[in-house]
Amino acid sequence: MQEKFLIFYIVMEEVLKYFNGIGVDTLIGFSDCFGDCEKSENPNWVNCAWSPEYLDILYW
């Protein structure tokens, strides 16, 4: 796990340098969660209300 984090960190650092070099001063990272099994149709973590599937989960 630590190796994967290190790879992510190095790649993210290069991405930030690139965008800084082309004048982008803000980068928003967004993460999403997958369902709980291979047959899941909706994510487990509802993080916005624009998708009808997310609203279904909220009402549930």
Side-chain angles (χ1 to χ4, degrees):
M1 186 68 158
Q2 193 173 22
E3 183 179 327
K4 287 182 181 181
F5 174 77
L6 182 58
I7 292 169
F8 168 80
Y9 181 84
I10 291 168
V11 170
M12 192 64 181
E13 191 174 50
E14 292 301 313
V15 167
L16 293 172
K17 286 179 188 176
Y18 170 77
F19 280 108
N20 187 44
I22 62 170
V24 176
D25 63 357
T26 303
L27 182 66
I28 299 172
F30 182 77
S31 178
D32 200 3
C33 293
F34 299 101
D36 57 359
C37 69
E38 293 179 11
K39 296 180 182 180
S40 292
E41 295 180 4
N42 295 304
N44 286 332
W45 180 43
V46 180
N47 52 22
C48 62
W50 56 262
S51 172
E53 294 82 10
Y54 285 3
L55 289 175
D56 291 344
I57 294 170
L58 284 172
Y59 293 131
W60 179 77

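It should be emphasised that the depicted structure is a prediction, and the values quoted were computed from it without experimental measurement.
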Under a 4.5 Å side-chain heavy-atom rule over Ile, Leu, Val, Met, Phe, Trp and Tyr, are Val11 and Tyr18 clustered together?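 Yes, one cluster joins them.
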Not counting sequence neighbours, which residues clear side-chain contact (heavy atoms from CB on, under 4.5 Å) with Leu27? List them please.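 side-chain contact (heavy atoms from CB on, under 4.5 Å) check on Leu27 returns Met12, Val15, Leu16, Phe19.
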Tell me, please, which residues at least two apart from Glu14 pass salt bridge (charged side-chain N to carboxylate O under 4.0 Å, His left out).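 If we apply the salt bridge (charged side-chain N to carboxylate O under 4.0 Å, His left out) test to Glu14, skipping adjacent residues, the hits are Lys17.
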